[in-house]
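Structure first, commentary second.
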Number of protein chains: 2
Amino acid sequence: MAWKNPLTTVDVAIFTVADEALQVLLVQRAAAAGEPFPGDWALPGGFVDVERDADLEACALRKLREKTGVATPYLEQLGSWGDAKRDPRGWSATHAYFALIAPAPLRADGNAADARWFPVSGDGVRVKLAFDHARLLAAAIARLRGKVEYTSLPAFLLPKEFTLSELQRAYEIVLGRALEKSAFRTRVLGAGLVEPVARTRQGPNRPAQLYRLRNPRKPVFFSRAFSPRDA
Amino acid sequence: MAWKNPLTTVDVAIFTVADEALQVLLVQRAAAAGEPFPGDWALPGGFVDVERDADLEACALRKLREKTGVATPYLEQLGSWGDAKRDPRGWSATHAYFALIAPAPLRADGNAADARWFPVSGDGVRVKLAFDHARLLAAAIARLRGKVEYTSLPAFLLPKEFTLSELQRAYEIVLGRALEKSAFRTRVLGAGLVEPVARTRQGPNRPAQLYRLRNPRKPVFFSRAFSPRDA
DNA sequence: GGAATAGTGTCTATTAGACATTATTCC
DNA sequence: GGAATAATGTCTAATAGACACTATTCC
């Protein structure tokens, strides 16, 4: 192989919903000499380890597990970005994924000395990101918002059991706009996306039926988007 | 960098519609000694050239141009596949794209001694493909079929000017099922996807209005899929 | 006029959206 | 009973699908 070969990394945009906001997990880069973007915040990621990672998805899952302990997220490939300039060390290409998980405490161990949830505002976060991660994150947010219009993705941002109101709230947080309750329920129940469990959520008011995903691995696609009106 | 780094390639699934079928462009691999999969058919692609390719998309466009001469196709990133075994030369990752172009004569020059259109049948072609290209091609076909339900992608498989009947036929070929004429026209015209040009297609019957894309760069997304009935 | 395809009109069924109403709990 | 949220019902507007019908060319 007489070829100069690009560097290969995997980065993961990990989302959840907490505190009434969409949150993304960022890690702080080491301040060691020679490291690019020392101290900056970045999406969890890094070089593919050809000894440990069987394939790209396994690599993404490993990075997610190292930061959150979550082993079975919703994981989707976002795309890849590669050019001569995005990494000061040379021509590099990253395989970007995005993951949706229920709110989870972060693992402080390992090399992830500093991992934190950041609320999403607009098409990014308020801190400057390393590499071209602002671009990756914007793409992840756009993909998520786009798919939420016609899929069940927000269900993966919630704990295993949830009420329809909580699900609707997750949709509204990601979309940034209110949805009509009746239409929302008809749609969700009609799609067979969830099934009721024999428990209710108690509160200072009428208890709410709890549901769980009928298929916790696969999202459901609706044949119509929400609010075609504004389209 | 003490890292063993994966090999990096770009592959492109190039589609068109001709002879009443969806066609994909394949190239025959060299039979030289040491080359993997000698003589097998494969998607056009190969190693990223860090000297010539500014970024991944430029690399994909270069490969498309080398085979077809087309410079401005509809080009979309399909995803990436990387693992330890897909290339006998070592851990490799490919960035896959898919392109839609109007029927075009192939360029016989260059290293593409043998490039041919193959009709798509089912989720692939009838010849055995090199590497994991059968998997890539199946993913490309699935993506195309899926998006055709709710986008204007088939318009990119036609020449610059076309009639609504020709556009409908392109949809039907990709989808593999008939569409209702009236609903189709209402939808296409209502979406403002095309605009009439001051010419008609003559034939042994009533001439048909010719249209062109209003925006030849960007696809249109419909808010509803075709035939939600069967969904 | 006949064949062939282009293009339009009418009707119905489905369903999202808006909004009102009823239901069930805690205090 | 009052507050709060859950859950359902009713009405309307939009539109896809089915299918019939009209229009325009060549022969």
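All values below come from the heavy atoms of this structure, side chains included, with hydrogens, waters and symmetry mates left out.
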Donor-acceptor pair present, A/Ser182 side chain and C/dG17 base, under 3.5 Å: no
Interatomic spacing from OH in A/Tyr211 to CZ in A/Arg199 - rounded to 0.5 Å: 14.5 Å
Pairing of A/Glu195 and A/Arg212 as salt bridge, 4.0 angstrom limit: yes
Option from A/Tyr97, A/Phe156, A/Phe15 for which ring-ring contact (aromatic ring centres under 6.0 Å, His included) with A/Tyr74 holds: A/Phe156
Ring-face cation of A/Arg143 near A/Phe98 (centre distance under 6.0 Å, axis angle within 45°): no
Close approaches to DNA chain C from residues 197-213 of chain B, in residue order (heavy atom, under 4.0 Å): B/Asn205, B/Arg206, B/Pro207, B/Ala208, B/Gln209
Toward the 5' end of DNA chain C, by each residue's nearest nucleotide, B/Lys181 or A/Ala183: B/Lys181
In whole angstroms, how far is the [atom2] atom of [N] from the [atom1] atom of [X]?
| X | N | atom1 | atom2 | result |
| --- | --- | --- | --- | --- |
| A/Gln168 | D/dT8 | CD | C1' | 14 Å |
| B/Leu179 | D/dC19 | CG | C1' | 16 Å |
| A/Arg187 | C/dT14 | CZ | P | 18 Å |
| A/Arg169 | D/dA4 | CZ | C1' | 16 Å |
| B/Arg185 | C/dG9 | CZ | P | 12 Å |
| A/Leu175 | C/dG17 | CG | C1' | 16 Å |
| B/Phe184 | C/dA6 | CZ | P | 12 Å |
| B/Tyr171 | D/dA16 | OH | P | 13 Å |

All ring pair (Phe, Tyr, Trp, His ring centres under 6.0 Å) counterparts of A/Phe162, not counting sequence neighbours: none
Expected output: side-chain A/Thr94 to main-chain A/Ala96 donor-acceptor under 3.5 Å: no
Closest to the A/Glu180 side chain, choosing from C/dA18, D/dA18, C/dG7: C/dA18
Touch class at under 4.0 angstrom, heavy-atom based, for B/Ser165 against every strand present: sugar-phosphate
Pairs involving residues 94-105 of chain B, ordered by first then second residue, that meet salt bridge (charged side-chain N to carboxylate O under 4.0 Å, His left out) (sequence neighbours left out): none
Distance below 4.0 Å between B/Arg224 side-chain N/O and D/dA16 OP1 or OP2: no
